[in-house]
Protein chains: 2
Amino acid sequence: MTTPRRPPRTGFLVSQLGAFAAARFAELIKPAGLTPATAGVLRIIAMEPGLSQRELATRLGSVPSRVVVLVDSLEGAGLVSRTRDPADRRHHRLDATDAGRRVLGTLRTAAETQSRDILEPLEPEEREAFSAIVAKLAAAHGLDPDVHTGYGRKDAGDAARG
Amino acid sequence: MTTPRRPPRTGFLVSQLGAFAAARFAELIKPAGLTPATAGVLRIIAMEPGLSQRELATRLGSVPSRVVVLVDSLEGAGLVSRTRDPADRRHHRLDATDAGRRVLGTLRTAAETQSRDILEPLEPEEREAFSAIVAKLAAAHGLDPDVHTGYGRKDAGDAARG
DNA sequence: TATTGTTATACTCTATAACTATA
DNA sequence: TATAGTTATAGAGTATAACAATA
């Protein structure tokens, strides 16, 4: 063998670091009554006003019944509105409310705090290098920061295949 | 503000990358009848022969009833044995069987494949830099590659605090 | 009485299937 | 009949509480 005795633990540690990051973010947004899943949905709806629940399910790589639960939560908190589409009354248009848009600022602050907390042990040059490589890997693997279902691939249908 | 318009998405992307890595590992060990949780437990038991379930629960930052389920699964698959401690018959000594030790090789191969798949988009120098920084972050945040409960801190009791 | 492990139970998350209303 | 959304139900995964065996 050509490589030294170092075990291949980078993959394990990436998993652990990701779980740590997710837990930290969850903790930071909990006071706002949000979870990583609902926060991601709020961001998507704010970016794509008038989205239908069916489209949102596709975007999340999830199923309509799951979307009902997530939107129920956001609507109950007054952050998102459901409006029947007059053109086709089967559709619900989803939009962020004023309160929902204000919460986006809170989410941004939480994301900044999360990133700062995670990167805190590093030297400034290491932070730059790490952030750049993480961005490259996320892009190469097709990951979407707003999708907190499964493992967040943009083309969520192919999750089972290698 | 002093920084440019770049959003602080490194934390999000670390979460997504971690979930992606975990899903890939889960997929790789599924044919062996293992999950990330049971694989981590098998590794711990192999490294610390004779561990009790109570000690394992502490090690995992989990509860005894959870350990029962995990050990049941490994024992049912013939990978781990429970033996009553003659000195104190309340304790169960946990040990990896021969089959369990053989599966450790499979786990190592899976971890190698997982790491290779994740790092594949990077240049060789980037891989080195990334692995070193991930190791530094994991150490600084007290993460344990065998703990797949919650977010895997070695001192699992303090999970709720910042 | 205290400790180890187990069982019973419940809660969360997420999916499938059946159903309602619209078209 | 086909589609959007909802409800009912079920299955993981993980926790708390009650319990049995042992000390």
Side-chain angles (χ1 to χ4, degrees), chain A residues 15 19 22-23 26 30 33-41 45 50-76 80-95 147-153 156-157 159-160, chain B residues 19 22-23 26-27 30 33-41 45 50-76 80-95 147-153 156-157 159-160:
Chain A
S15 298
K30 192 168 187 176
L34 295 176
T35 64
T38 53
V41 168
I45 292 174
L51 204 67
S52 76
Q53 293 187 194
R54 178 71 57 167
E55 290 164 333
L56 181 55
T58 303
R59 182 88 162 65
L60 292 172
S62 186
V63 291
S65 64
R66 171 84 182 118
V67 169
V68 169
V69 176
L70 293 169
V71 173
D72 277 354
S73 169
L74 288 165
E75 192 185 35
V80 157
S81 66
R82 276 180 173 112
T83 317
R84 279 208 179 278
D85 184 342
D88 183 341
R89 290 175 45 75
R90 291 175 301 183
H91 289 73
H92 279 168
R93 288 178 48 90
L94 301 174
D95 291 283
V147 174
H148 288 257
T149 300
Y151 55 95
R153 292 194 79 164
Chain B
E27 194 179 352
K30 192 168 189 177
L34 295 176
T35 63
T38 54
V41 168
I45 292 174
L51 203 68
S52 76
Q53 293 187 193
R54 177 71 56 169
E55 290 164 332
L56 181 55
T58 303
R59 182 90 161 64
L60 293 173
S62 186
V63 292
S65 63
R66 170 84 182 119
V67 169
V68 170
V69 176
L70 293 169
V71 173
D72 277 355
S73 169
L74 287 165
E75 191 185 35
V80 156
S81 66
R82 277 179 172 110
T83 317
R84 279 208 178 277
D85 185 342
D88 183 341
R89 291 175 45 74
R90 291 174 302 183
H91 289 75
H92 280 168
R93 287 178 48 92
L94 300 174
D95 292 282
V147 174
H148 288 256
T149 301
Y151 56 95
R153 292 195 77 164

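Numbers restart at 1 for each chain; the letters A, B, ... are given by sequence-line order, proteins then strands.
- The distance from the CD atom of B:E75 to the CZ atom of B:R82 is 4.5 Å, given to the nearest 0.5 Å.
- Under a 3.5 Å cut-off, the side chain of B:D85 and the backbone N or O of B:R93 do not form any donor-acceptor pair.
- Heavy-atom minimum distance, B:T38 versus B:L74: O-CD1, 3.7 Å.
- For B:R90, the side-chain contact (heavy atoms from CB on, under 4.5 Å) test picks out B:D88, with sequence neighbours left out.
- Nucleotide C:dC13 holds its P atom 15 Å from the CG atom of A:L60, rounded to whole Å.
- Atom CD in B:Q53 sits about 15 Å away from atom P in D:dT22, given to the nearest Å.
- Of the candidates D:dA8, C:dT6, D:dG5, the closest approach to any side-chain atom of A:S65 belongs to D:dA8.
- In this structure, CD1 in A:I45 is found 11.0 Å from CZ in A:R59, a value given to the nearest 0.5 Å.
- One finds no side-chain N or O of B:R93 lying less than 4.0 angstrom from the OP1 or OP2 phosphate oxygen of C:dT4.
- Residue B:S62 places its side chain closer to D:dA15 than to any other of D:dT6, C:dG5, D:dA15.
- Taking atom CD of A:E75 as the reference point, atom P of D:dG5 lies 13 Å away to the nearest angstrom.
- At the phosphate of C:dT6, OP1 or OP2 sits under 4.0 Å from a side-chain N or O atom of B:H92.
- Atom NE2 of A:H91 is separated from atom P of D:dA2 by 17 Å (rounded to the nearest Å).
- Residue whose closest nucleotide on DNA chain C sits further toward the 5' end, between A:V63 and B:R54: B:R54.
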Tabulated below should be each protein N or O lying under 3.5 Å from an N or O of nucleotides 20-23 of chain C; please produce it.
unit_1, atom_1, unit_2, atom_2, d
C:dA23, OP1, A:R89, N, 2.9

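- Rounded to whole Å, atom P of D:dA12 lies 11 Å from atom NZ of B:K30.
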task = Begin with the C-alpha distance, continue with both residues' side-chain angles, and end with the deciding distance and a verdict on side chain to side chain donor-acceptor pair (under 3.5 Å) for A:E55 and A:T58.
result = CA-CA 5 Å; A:E55 290 164 333; A:T58 303; over 6 Å; no
